[in-house]
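First up is the structure itself, then whatever we jot down about it.
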Amino acid sequence: MYTRIISTGTYLPEKVLTNDELEKIVNTSDDWIRSRTGIESRHIAADGEFTSHLAEKAAYKALEAAGLVPADIDLIVVGTCTPDRMFPNVACLLQERMGITGPAFSLEAACSGFVYALTVADQFLCSGKSKRALVIGAETMSRLIDWTDRETCVLFGDGAGAVILEASDKPGLLYSDLGADGQHRKLLYTETGLSNMESSVEGHLKMKGNEVFKVAVRTLESMVDKVLLENNLNKGQIDWLVPHQANLRIISATAKRLGLPMDRVVVTVNKHGNTSAASIPMALDTAVRDGRIKRGNLILLEAFGGGFTWGACLLRY
Ligand code: ACO
């Protein structure tokens, strides 16, 4: 038994925050942000708009694209590090609102949340436990950000992306590889959590950006070398790279290692910044809907994020 992605969907909150507007909030400039990251703007969830709301809208777009209804789904897996609350988890909130039965859970692997979620859903489908999964990456990173910290607030944004993954007798998802290494935990973390709560601390995201950058590039380069080796692929043989959208310079370094020109790399970071687990399904959806990614294309999804966690999925679309 194999699995294949049959449709995709995206939702971005209406409010757009441009680099020019950020210049009025912190001591930064459009030029600095663009040249270091490639980001031009990001979307910010409205008051009362939570991760589950974004996820639900992306899920309906994916269902509509497949011509399916919620009752056709029997598994929901959501990758998120910004859930509405600890429980019910975001997937259960969707299950109740959309009227879906079957297992529903969220997992947290920061920016790698979607590749982790896709890999886990694939296991459920391949084992025959489920037939059709809604796999979502959804985040409201704006709620984790210290809006006085220019080193982080310019980088992140909110959004959600969804795919429908279906059991199939033909291969779609060909290979996946996940990794993690907790030893760099002081480079990227949140100050508090629910069982580690200090009333004097607000719980914001903290990051040593330039050090994260170096580990991210190094780790992604060795991961893509492994993907090529283990799948008997030569450089340049992948049709499309759909990377986690954190920083254009990290994306370019990975593309170079894969022997791919930038016109075979899906880049959306300019429009929404780093949306953590949401970025890969949103980028995939963008390139599917604008016709760049076609059925039969060989696609590599790759991510690196807090934990550190990382992962890659190779698929025949
Ligand atoms: N505006 C203007 N200046 C700034 C800003 C800002 N928003 N932020 C930092 N600076 C200043 C710094 O204070 C520093 O000034 P100094 O030289 O006077 O000390 C200078 O810019 C350079 O700072 P660096 O941190 O060395 O800049 P760098 O070129 O490394 O770019 C960045 C910073 C964009 C954060 C980069 O390191 C990066 O993208 N890292 C990866 C982080 C990331 O994406 N994390 C997300 C999770 S992991 C992942 O998804 C890959």
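Because the structure is predicted, anything quoted here is derived from the model rather than measured. Each ligand, and each atom within it, is numbered from 1 in the order the structure gives.
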For [atom], what's the nearest protein heavy atom and its distance?
atom	answer
atom 40 (N) of ligand 1	Gly209 O, 2.9 Å
atom 46 (C) of ligand 1	Asn274 ND2, 3.3 Å
atom 11 (C) of ligand 1	Arg150 NH2, 3.6 Å
atom 48 (S) of ligand 1	Val212 CG1, 3.7 Å
atom 39 (O) of ligand 1	Asn247 ND2, 2.5 Å
atom 29 (O) of ligand 1	Arg36 NH1, 2.7 Å
atom 6 (C) of ligand 1	Thr28 OG1, 3.3 Å

I need the minimum non-hydrogen distance between [X] and [Y], along with the two atoms involved.
X	Y	value
Pro13	Gly159	CD-CA, 4.1 Å
Thr275	Glu139	O-CG, 3.2 Å
Ala303	Val115	CB-CG2, 4.0 Å
Ile39	Asn19	O-ND2, 2.8 Å

Does any N or O atom in [X] lie less than 3.5 angstrom from one in ligand 1, N or O only?
X	answer
Trp32	yes
Leu155	no
Phe304	yes

Numbered atoms and elements of ligand 1 in range of [X], under 4.0 angstrom, heavy atoms:
X	value
Ala246	44 (O), 49 (C), 50 (O), 51 (C)
Ile250	51 (C)
Leu188	47 (C), 48 (S)
Val154	7 (N)
His244	50 (O)

Ignoring hydrogens, tell whether any protein atom lies closer than 4.0 Å to [atom]; use the non-hydrogen atoms only.
atom	result
atom 8 (N) of ligand 1	yes
atom 32 (C) of ligand 1	no
atom 18 (O) of ligand 1	no
atom 22 (C) of ligand 1	yes

(Q) Is Arg249 close enough to touch ligand 1? Criterion: a residue heavy atom under 4.0 Å from a ligand atom. (A) yes
Q. Within less than 4.0 angstrom of ligand 1, does Cys111 place any heavy atom?
A.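 In this structure, Cys111 qualifies as a contact of ligand 1 - some heavy atom is under 4.0 Å.
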Q.
Is a donor from one side chain sitting under 3.5 angstrom from an acceptor on the other, for Asp84 and Ser52?
A.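 Looking only at side-chain atoms, Ser52 and Asp84 do form a donor-acceptor pair, the distance falling under 3.5 Å.
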Q) Do Asn247 and Thr37 get their side chains close enough for a donor-acceptor pair, meaning under 3.5 Å? A)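 On atom types as modelled, these side chains do not qualify, holding no pair under 3.5 Å.
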(Q) By the definition side-chain contact (heavy atoms from CB on, under 4.5 Å), identify the one residue from Thr268, Asp285, Leu284 that meets it with Thr10. (A) Asp285
Q: Sort out for me which residue in Asp146, Thr152, Ile145 forms a side-chain contact (heavy atoms from CB on, under 4.5 Å) with Thr148.
A: Asp146
Q: Kindly compute the distance separating CD1 (Ile164) from CD (Glu64), expressed to the nearest 0.5 Å.
A: 10.5 Å
Answer yes if [X] and [Y] sit in the same cluster of Ile, Leu, Val, Met, Phe, Trp and Tyr residues linked by side chain heavy atoms under 4.5 Å apart, and no otherwise.
X	Y	result
Tyr175	Leu301	no
Leu248	Phe156	yes
Leu173	Tyr116	yes

Q.
As a check for students: among Asn210, Thr37, Leu205, identify the option with a heavy atom nearest to atom 25 (O) of ligand 1.
A.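 Of the listed residues, Asn210 has the closest heavy atom.
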(Q) Looking at non-hydrogen atoms alone, which of Met207, Gln245, Glu151 comes nearest to atom 45 (N) of ligand 1? (A) Met207
Q | Backbone of Thr8 reached by a side-chain donor or acceptor of Arg289 within 3.5 Å | A | yes
Q | Centroid-centroid distance, Phe213 to Phe304, less than 6.0 Å | A |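 No - the distance between ring centres of Phe213 and Phe304 does not fall below the 6.0 Å cut-off.
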